[in-house]
Amino acid sequence: MSSAALDDLMIPLRALRLLAVDFPHLPAPDVDVSPLFPERLRLSFHDVSCESLAAFEQWRTALRIAPAAVVSRLQDEDRTRVLAADGLFAGAVVTLTAFADIPAAGGAPTGQAGGAA
């Protein structure tokens, strides 16, 4: 089995470098580059509040990904909202994904205790 060289990831790494230069003010995502998908750059946002959804929207707007391209779904027994969209930037397919807990009936996101201690 031959392993991929770092040079094989030039497209998404170049896109990441350009994103850092063009959009340094945007929220920092989790970044994933893989030799399994050598033209893809994944940017994801995870938190228990809705801040990840706002970060997703800022990046979607900056990358000029159409709102109609966003897929919204629920997972984890409908306790987590997931947004996903693909766009192109600097020759790379950029996949944006955001995960956010859906607030429980009491208003606190699932996974967080509500009320005073």
Side-chain angles (χ1 to χ4, degrees):
M1 178 173 124
S2 66
S3 62
L6 190 58
D7 189 50
D8 296 335
L9 299 175
M10 182 184 337
I11 292 171
L13 292 175
R14 179 181 55 223
L16 180 60
R17 185 186 73 208
L18 292 171
L19 288 173
V21 170
D22 292 349
F23 305 111
H25 59 285
L26 291 182
D30 290 330
V31 176
D32 181 40
V33 176
S34 171
L36 297 175
F37 303 100
E39 294 186 1
R40 182 172 303 271
L41 172 63
R42 292 186 195 148
L43 306 178
S44 59
F45 307 90
H46 307 263
D47 65 31
V48 294
S49 69
C50 289
E51 290 178 24
S52 64
L53 304 179
F56 175 96
E57 183 60 19
Q58 290 174 347
W59 277 99
R60 186 202 60 77
T61 300
L63 294 172
R64 298 180 183 194
I65 297 173
V70 176
V71 175
S72 177
R73 69 179 197 279
L74 299 176
Q75 69 181 32
D76 192 25
E77 299 179 359
D78 295 344
R79 294 183 297 185
T80 303
R81 182 171 180 200
V82 181
L83 298 179
D86 288 340
L88 293 174
F89 183 81
V93 175
V94 179
T95 298
L96 297 178
T97 310
F99 302 88
D101 285 352
I102 296 174
T110 57
Q112 286 188 353

Leu19 vs Leu26, test: side-chain contact (heavy atoms from CB on, under 4.5 Å). Steps then yes/no. CA-CA 10 Å; Leu19 288 173; Leu26 291 182; over 6 Å; no
Residue pair Leu6, Leu13: steps toward the side-chain contact (heavy atoms from CB on, under 4.5 Å) verdict: CA-CA 9 Å; Leu6 190 58; Leu13 292 175; 3.8 Å; yes
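Within the 4.5 Å cutoff, the side chain of Arg40 has heavy atoms near those of the Asp86 side chain. Two residues are said to be in side-chain contact when any heavy atoms from C-beta on lie closer than 4.5 Å; Gln75 and Phe99 meet this criterion. You'll find the side chain of Leu43 reaches within 4.5 Å of the side chain of Val31, heavy atoms only. A 4.5 Å side-chain heavy-atom check between Arg42 and Pro29 finds every atom pair outside the cut-off. Phe89 has its side chain within reach of Asp22: a pair of non-hydrogen atoms, C-beta onward, lies under 4.5 Å apart.
Atom CG in Leu41 sits 13.0 Å away from atom CZ in Arg17 (nearest 0.5 Å). A distance of 13.5 Å separates CG of Leu88 from CZ of Arg64, quoted to the nearest 0.5 Å.
Cluster membership check: Leu63 does not share its hydrophobic cluster with Ile11, using side-chain heavy-atom separations under 4.5 Å among Ile, Leu, Val, Met, Phe, Trp and Tyr. A single hydrophobic cluster is seen to contain both Val94 and Leu18, as judged by linkage of ILVMFWY side chains at heavy-atom distances under 4.5 Å, directly or through other members. No continuous path of ILVMFWY side-chain contacts below 4.5 Å connects Val93 to Phe56, so the two sit in separate hydrophobic clusters. Under a hydrophobic-cluster definition in which Ile, Leu, Val, Met, Phe, Trp and Tyr are linked whenever side-chain heavy atoms come within less than 4.5 Å, directly or via other members, Leu96 and Phe23 are assigned to the same cluster.
Of all heavy-atom pairs between Val33 and Pro12, the closest is CG1-CG, 3.7 Å. Minimum interatomic distance between Ser52 and Ala98 (heavy atoms only, all atoms of both residues): O-CB, 3.6 Å. Nearest heavy-atom pair across Ala100 and Leu53 is CB-CG, 3.8 Å.
With sequence neighbours left out, Thr97 forms a side chain to side chain donor-acceptor pair (under 3.5 Å) with no residue at all. With sequence neighbours excluded, no residue forms a ring pair (Phe, Tyr, Trp, His ring centres under 6.0 Å) with Phe37.
With Asp78 as the fixed residue, the side chain to side chain contact (heavy atoms under 4.5 Å, CB included) test singles out one of Leu74, Asp76, Thr80: Leu74.
By the 6.0 Å contact criterion, CZ on Arg81 is open, its count of non-hydrogen atoms from other residues, nucleotides or ligands being 12 or less.
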